[in-house]
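Some notes on the structure that comes next.
Within every chain, numbering begins at 1; the chains are lettered A, B, ... in the order of the sequence lines, protein sequences first and strands thereafter. Bear in mind the structure is a predicted one, so any value in this text is a computation, not a measurement.
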Number of protein chains: 2
Amino acid sequence: MARSMMIETRNTRQKNAIRAAFIETGRPLSPEEALHYAQQKVRNLSIATVYRNLKAMVEEGSLVPVQFPGESTRYEASGKAHHHHFWCNGCKRAYELEGCVPKLSLKLPRGFRSLGHELVLYGMCAACAPSYAS
Amino acid sequence: MARSMMIETRNTRQKNAIRAAFIETGRPLSPEEALHYAQQKVRNLSIATVYRNLKAMVEEGSLVPVQFPGESTRYEASGKAHHHHFWCNGCKRAYELEGCVPKLSLKLPRGFRSLGHELVLYGMCAACAPSYAS
DNA sequence: CTGCGTGCAAATGCTTTGCAAAGAC
DNA sequence: GTCTTTGCAAAGCATTTGCACGCAG
């Protein structure tokens, strides 16, 4: 089923700028965030192009979508080790967390088969936490 | 900060039908799912009314929003013990799971403060799993 | 050159809102 | 009877798509 060769795509300034945004920030980005970062390199980059490239990169396998409650889809570079995320309620940014839970011992109903899991921690990141500590 | 008394709302057939959908299914429902269930009791119920009531019930505190990757927001009855969810990739339904992970030992970056977590297991529910076992 | 990728604007599709009529109390 | 809630249709928004032009290969 899996396509052995990814579809060839051209290297455009727009695509490179978008790709760079993910590499340089190292955290999941929303289409809007990706647009902002990439626009620093390609000024008149349009949001439509960002959406098209995000979609293409997901299909190619270089990005994976990540979702946080009540937020639009974020995307992050693929190929990383199994990990989870931290969502900052202050700056509304997603961060990557190393590691995973020791073992998932949740009771599954009879006949249910689990194939994976997703875990998100919520709170305040280092930059936002102090404002609550005053 | 917390409002000591919830806002009074009238008991309409529509509202009761929507509320019943959550009680009777016992699982998180999307606005569309809630509409379908409730329409069995109130035939010409409109989706706008469902949205309005879901929003009102969340504000009242009787429902809480739950989100699953790539899916529109689901809602479930509030007041339940801490629990997590199972997402069936087959029927695209959310189920409630009892229990939680023993302890979360994820490394948080310096200064990050965690206030909560969310865990979702993915797979096939009892009804959908057999079709993959053939 | 050839044709894919882009920007713009129009088109979706889900969710919200305005308004007159129906219904709760 | 009064004031909230509803259904319908229109409005909003984020995302997607059509199209002619520009650029990569």
Taking atom P of D:dT6 as reference, at what distance in whole Å does atom CG of B:Leu35 sit?
13 Å

Residue B:Asn53, side-chain atoms from C-beta onward, closest of D:dT6, C:dG7, D:dC3
D:dT6

When you measure from the side chain of A:Thr49, which nucleotide among C:dT6, D:dG25, D:dG7 comes out closest?
C:dT6

In whole angstroms, how far is the P atom of C:dT6 from the CG atom of A:Asn16?
10 Å

Can you check the B:Lys41 NZ to D:dT6 C1' distance for me, whole Å?
19 Å

Let me know the distance between CG of A:Leu45 and C1' of D:dG22, rounded to the nearest Å.
15 Å

Return the nearest nucleotide to the side chain of B:Thr12; candidates are D:dG25, D:dT6, C:dG7.
D:dT6

Pick the closest DNA chain C nucleotide for B:Thr73 and for A:Val50 by heavy atoms, then say which residue is nearer the 5' end.
A:Val50

Shortest non-hydrogen separation from B:Pro28 to B:Ala94 and the atoms involved:
CD-O, 3.6 Å

Tell me if the NE2 atom of A:His83 is crowded by more than 12 foreign heavy atoms within 6.0 Å.
yes

Which of the following nucleotides, C:dG7, C:dA24, C:dG5, is nearest to the side chain of A:Arg52?
C:dG7

From CD of A:Glu59 across to C1' of C:dC4 the rounded distance in Å is 15 Å

Which one, D:dG7, D:dT17, D:dT5, comes nearest to the side chain of A:Lys55?
D:dT17

Rounded off to whole Å, could you give me the CG-to-C1' distance for the B:Asn11 and D:dT4 pair?
12 Å

Side-chain N or O of A:Gln14 closer than 4.0 Å to phosphate OP1/OP2 of C:dG7
yes

Can you check whether A:Arg10's main-chain N or O pairs, donor with acceptor, with A:Lys15's side chain at less than 3.5 Å?
yes

Integer-rounded Å distance: D:dG25 P and A:Arg13 CZ
13 Å

Whole-Å distance, A:Lys15 NZ to D:dC23 P, equals 16 Å

Aromatic ring pairing A:His117/A:His82, orientation class (parallel under 30°, perpendicular over 60°, tilted between):
perpendicular

Quiz question: going by heavy-atom distance under 3.5 Å, is there a donor-acceptor pair between the base of D:dC3 and the side chain of B:Arg10?
yes

Can you tell which of D:dT6, C:dT17, D:dT5 lies closest to the side chain of B:Ala48?
C:dT17

Base, sugar-phosphate, or nothing: which does B:Ile47 touch, judged by heavy atoms less than 4.0 Å apart?
nothing

Heavy-atom closest pair, residues A:Tyr75 and A:Phe22
O-CE2, 2.9 Å

